[in-house]
Amino acid sequence: MTPQDRAERAAKVMWDDDPASQGLGMSLDQIGPGTAVISMTVRADMANGHGICHGGFIFALADSAFAFACNSYNHRVVAQHNSITYLAPGKLGERLVATAREASRAGRSGIYDVTVTGEDGRNVALFRGHSRQISGTHFDEND
């Protein structure tokens, strides 16, 4: 099994059991070893009192991209610590794209950087996730 095959299979298992990301209208657009791209259109029910995307939804989008990137090696991995910096508002009706990239992976710990961009390419948010591998895999590689 190639690393790309492993990432795709792990992502399918995770996606099939992820009602949160699906319920927010996210789509898994790209997956690879240590990387993921997930997008979401900002709906009216995601707006805050300023008429822009609530930061919690932007965080959820970035967190989902982080989760798929760090679970792409067929090891169960959870978040240990996350932080986000908001740079520009997400606009109603706009498709936001979260691109996660592995910055470091050693032993059971990893660090992943996620950039959330708007349709015009502007940076909406920068997210850094610290991961921790736990026991188990997403699928049996001998099947």
>> Is the shortest side-chain heavy-atom distance between Gln133 and Tyr73 below 4.5 Å?
In response: no
> Any idea which heavy atoms bring Gly56 and Tyr86 closest together, and the distance?
Replying inline: N-OH, 4.3 Å
>> Show the nearest heavy-atom pair for residues Asn74 and Glu141, with the distance to one decimal.
In response: ND2-OE2, 3.0 Å
> Once you round to the nearest 0.5 Å, how far does NE2 of His75 lie from OG of Ser131?
Replying inline: 11.5 Å
> So His54 and Met46, side chain to side chain contact (heavy atoms under 4.5 Å, CB included) or not? Walk me through it.
Replying inline: CA-CA 6 Å; His54 186 289; Met46 296 174 173; 5.7 Å; no
> Say you draw a straight line from CG of Leu92 to CD1 of Ile52; how long is it, rounded to the nearest 0.5 Å?
Replying inline: 9.0 Å
> Are more than 12 heavy atoms from other residues, nucleotides or ligands located less than 6.0 Å from atom CZ of Arg132?
Replying inline: yes
> Does atom CD of Gln30 have more than 12 heavy-atom neighbours, drawn from other residues, nucleotides or ligands, at distances under 6.0 Å?
Replying inline: no
> Shared ILVMFWY cluster between Val77 and Ile31, side chains joined below 4.5 angstrom?
Replying inline: no
> Do Ser27 and Arg95 have a side chain donor and acceptor closer than 3.5 Å?
Replying inline: yes
>> Can you tell me how far apart CD (Glu102) and CG (Asp113) are? Round to the nearest 0.5 Å.
In response: 10.5 Å
>> If I take atom CE from residue Met14 and atom OG from residue Ser72, how far apart are they, to the nearest 0.5 angstrom?
In response: 9.5 Å
>> Under the rule for side-chain contact (heavy atoms from CB on, under 4.5 Å), what residues qualify as partners of Arg76, not counting sequence neighbours?
In response: Ile134, His138
> Would Leu96 and Glu94 satisfy side chain to side chain contact (heavy atoms under 4.5 Å, CB included), going step by step from the backbone distance to the final call?
Replying inline: CA-CA 6 Å; Leu96 299 178; Glu94 178 177 40; 3.6 Å; yes
> Looking only at heavy atoms, which two atoms of Trp15 and Ser21 are closest? And how far apart?
Replying inline: CZ3-CB, 3.8 Å
>> With rounding to the nearest 0.5 angstrom, report the CD1 to CG distance, Ile84 to Leu126.
In response: 8.5 Å
>> Tell me whether the count of non-hydrogen atoms from other residues, nucleotides or ligands lying under 6.0 Å of NE2 in His130 goes above 12.
In response: yes
> So which heavy atom on Ala60 is nearest to which on Leu24, and how close?
Replying inline: CB-CD1, 4.1 Å
>> Once rounded to the nearest 0.5 Å, what's the spacing between atom OG1 of Thr35 and atom CZ of Phe68?
In response: 12.5 Å
> Under 6.0 Å from the CG atom of Asp45, do we count more than 12 heavy atoms belonging to anything else shown?
Replying inline: yes
> Do Leu61 and Met26 pass the side chain to side chain contact (heavy atoms under 4.5 Å, CB included) test, and can you show the C-alpha distance, the side-chain angles, and the key distance before you say yes or no?
Replying inline: CA-CA 8 Å; Leu61 175 64; Met26 293 181 195; 4.1 Å; yes
>> For a quick test of reading the model, state the closest non-hydrogen atom pair linking Ala62 to Val116 and the distance between them.
In response: CB-CG2, 3.9 Å
>> Given Phe127, which partner from the list Thr85, Thr115, Asp63 fulfils the side chain to side chain contact (heavy atoms under 4.5 Å, CB included) test?
In response: Asp63
>> With heavy-atom distances below 4.5 Å as the criterion, would you say the side chains of Ile111 and Arg128 are in contact?
In response: yes
> Can you name the nearest heavy-atom pair linking Val124 to Gly118, along with the distance?
Replying inline: CG2-N, 3.6 Å
> Shared ILVMFWY cluster between Val37 and Phe57, side chains joined below 4.5 angstrom?
Replying inline: no
> Can Asn82 and Phe59 be said to form a side chain to side chain contact (heavy atoms under 4.5 Å, CB included), step by step?
Replying inline: CA-CA 9 Å; Asn82 297 324; Phe59 186 98; 3.7 Å; yes
>> Regarding Arg122 and Thr117, do their side chains bring together a donor and an acceptor under 3.5 Å, going by distance alone?
In response: no
